[in-house]
There are 2 protein chains.
Amino acid sequence: MHSYTEENYLKALFNLANEKGEVSANELSKKLEIKMPTVNSMMKKLADKKLVHYESYKPLRLTEKGKKEAGLVIRKHRLTEMYLVQKMDFGWEQVHEIAEQMEHLHAPDFFEKMAEMLGYPTIDPHGSPIPDKSGKIDWRHYEKLSDCKAGDTVKLSAVINGTDEFLKFLNTRELQLGVKIKIKIVEPFDGSMLVSYNKKTGETLSHTVAERLLVELVK
Amino acid sequence: MHSYTEENYLKALFNLANEKGEVSANELSKKLEIKMPTVNSMMKKLADKKLVHYESYKPLRLTEKGKKEAGLVIRKHRLTEMYLVQKMDFGWEQVHEIAEQMEHLHAPDFFEKMAEMLGYPTIDPHGSPIPDKSGKIDWRHYEKLSDCKAGDTVKLSAVINGTDEFLKFLNTRELQLGVKIKIKIVEPFDGSMLVSYNKKTGETLSHTVAERLLVELVK
DNA sequence: ATATTTTGTTAGATGAATCTAACTTTATAG
DNA sequence: CTATAAAGTTAGATTCATCTAACAAAATAT
């Protein structure tokens with residue numbers, strides 16, 4: 001089994017991973033607020049355990065095993081958030097701190113029971129996908145909004161990299177999960193989109209934003 | 001705040017405490033499965049923090065502050081057990097391991113919500129009292145063994161007016177706190193009881209003794 | 001009342017996770 | 001294309017919770 005500390009590194013690596021799956025030691029250091037040399041030696045330790053691919057001066061990558069372990073920690077976190085919101089009536093802004101601690105519990109029956117009580121949810125209250133019991137996220141039904149084309153109508157289903165700031169940004173635009181978005185124009189030069197949703201008829205979303213919004217196509 | 005480790009020492013001290021409130025370093029060492037020298041240095045550390053009264057070669061006692069902190073940890077443990085049994089449909093034998101981990105969460109809102117959802121219970125699923133928000137146990141629902149009837153199964157929880165002699169008497173009969181006692185016969189003429197506990201199947205306890213033993217009913 | 005056993009203490013080592021200081025490699029800007 | 005900055009690494013110190021070995025005090029048994 002992995003320590004509380006190791007789990008936090010795995011989780012951070014998982015969350016920071018870009019499309020290449022690469023993370024710099026520096027990013028990781030900043031995210032965890034742990035100094036570089038500490039991160040460095042932990043990476044060697046995780047490499048010994050076959051959880052991380054480590055080569056001097058190269059970016060970090062989780063191994064398959066590492067991804068699975070990280071996914072399972074994140075599963076516990078997101079199931080917990082969902083449970084707290086749905087079954088204990090907490091607000092979505094209150095649950096992160098609690099889930100941050102609960103994700104380290106070694107109590108498979110407990111989390112399985114939560115999942116059962118929640119009807120095996122696939123997204124958490126912030127719209128982040130919940131990894132399955134093998135630590136994998138099922139991306140099948142999601143597409144990035146930025147990959148859709150003019151004329152498509154989609155439903156906002158999940159949010160990638162949901163920092164507080166980004167969530168607040170979405171709130172101010174009334175972009176809640178479940179909102180139906182109609183894509184009117186995709187600007188070819190910068191990928192920004194002119195869309196309509198709710199009663200708004202002409203909102204513009206930058207490519208950066210559109211990349212972080214996961215949607216499902218609606219007919 | 002106290003570390004996970006410190007909390008475990010406090011909890012063990014609280015649980016081992018007899019009427020005098022005294023615990024030997026040896027008992028503590030055995031209970032925690034941690035070697036004596038480690039226990040010893042931890043006691044000095046807790047003494048520095050004013051959580052334990054420590055004097056060389058003397059038994060250990062929790063300070064008022066220590067009792068409160070320990071009580072709060074135990075409150076979290078027992079609330080959790082109650083929640084798991086009542087709201088998540090776990091069996092009472094399944095919940096200890098989970099509660100053992102959850103008791104260390106720093107999440108006041110979470111435990112408060114549990115308490116609220118449970119209607120502010122005062123005993124846990126095993127019949128142990130749940131300390132209140134100030135870490136204190138309300139002893140009101142304890143009964144004298146002498147007030148119980150044949151057929152009852154009870155747990156020895158405290159001893160009234162425990163002189164050294166009385167404690168030695170209890171020790172020679174293996175009557176430690178926590179022992180489950182089954183009452184087989186109550187003699188009507190003198191109130192003495194024929195009971196079984198541990199591996200003993202036919203011990204007699206006089207009314208005088210039974211009056212001094214505080215028990216909780218076990219279902 | 002002394003010898004033996006049990007309990008408690010001291011000293012020093014270890015491993016985990018962190019740090020700072022100093023150095024090296026890679027990236028970036030003139 | 002070099003100079004500087006940023007990122008990564010190495011070495012060594014620190015703190016926490018643990019250990020073993022050796023010693024001291026208290027309790028117990030003969």
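Chain identifiers are assigned alphabetically (A, B, ...) following the order of the sequence lines, protein sequences preceding nucleic acid strands; residue numbering begins at 1 within each chain.
Pairs engaging residues 63-86 of chain B under the ring pair (Phe, Tyr, Trp, His ring centres under 6.0 Å) rule: His77(B)-His96(B) [sequence neighbours left out]. The ring pair (Phe, Tyr, Trp, His ring centres under 6.0 Å) analysis of residues 22-66 of chain A, with sequence neighbours excluded, yields no pairs. Sequence neighbours left out, the pairs with a member in residues 103-114 of chain B that pass salt bridge (Lys or Arg N to Asp or Glu O under 4.0 Å) are Lys11(B)-Glu103(B), Glu112(B)-Lys133(B). Residues in residues 195-208 of chain B take part in no salt bridge (Lys or Arg N to Asp or Glu O under 4.0 Å) pair, two or more places apart or across chains.
Straight-line distance from the CD atom of Glu7(A) to the P atom of dA16(C): 16 Å, rounded to whole Å. Between Met43(B) atom CE and dT18(D) atom P the separation is 10 Å, expressed in whole Å. Taking atom CD of Glu6(B) as the reference point, atom P of dT15(D) lies 15 Å away to the nearest angstrom. We find that CG of Leu32(B) is positioned 15 Å from C1' of dC19(D), with the value rounded to whole Å. Rounded to whole Å, the distance from NZ on Lys35(B) to P on dC16(D) is 23 Å.
A donor atom on one side chain and an acceptor atom on the other are found under 3.5 Å apart for Asp190(A) and Ser192(A).
In terms of phosphate contacts, Tyr9(B) brings no side-chain nitrogen or oxygen within less than 4.0 Å of OP1 or OP2 of dC16(D).
Partners of His207(A) under the ring pair (Phe, Tyr, Trp, His ring centres under 6.0 Å) rule, at least two apart in sequence or in another chain, do not exist in this structure.
Nucleic acid contact class of Tyr4(B) (heavy atoms, under 4.0 Å, all strands): none. If you check every strand for non-hydrogen atoms under 4.0 Å, Ser3(B) touches sugar and phosphate atoms only. When heavy atoms are screened at a 4.0 angstrom cut-off, Thr5(B) is found touching the sugar-phosphate backbone but no base atom.
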Please produce a list of atom pairs where a protein N or O lies less than 3.5 Å from an N or O of nucleotides 4-11 of chain C.
{"residue": "dT7(C)", "atom": "OP2", "partner": "Asn26(B)", "partner atom": "OD1", "Å": "3.2"}
{"residue": "dG8(C)", "atom": "OP2", "partner": "Asn26(B)", "partner atom": "N", "Å": "2.6"}
{"residue": "dG8(C)", "atom": "O3'", "partner": "Tyr57(B)", "partner atom": "N", "Å": "3.4"}
{"residue": "dT9(C)", "atom": "OP1", "partner": "Tyr54(B)", "partner atom": "OH", "Å": "2.7"}
{"residue": "dT9(C)", "atom": "OP1", "partner": "Tyr57(B)", "partner atom": "N", "Å": "2.8"}
{"residue": "dT9(C)", "atom": "OP2", "partner": "Asn40(B)", "partner atom": "ND2", "Å": "2.0"}
{"residue": "dT9(C)", "atom": "OP2", "partner": "Tyr54(B)", "partner atom": "OH", "Å": "3.4"}
{"residue": "dT9(C)", "atom": "O5'", "partner": "Asn40(B)", "partner atom": "ND2", "Å": "3.4"}
{"residue": "dT10(C)", "atom": "OP2", "partner": "Lys44(B)", "partner atom": "NZ", "Å": "2.2"}

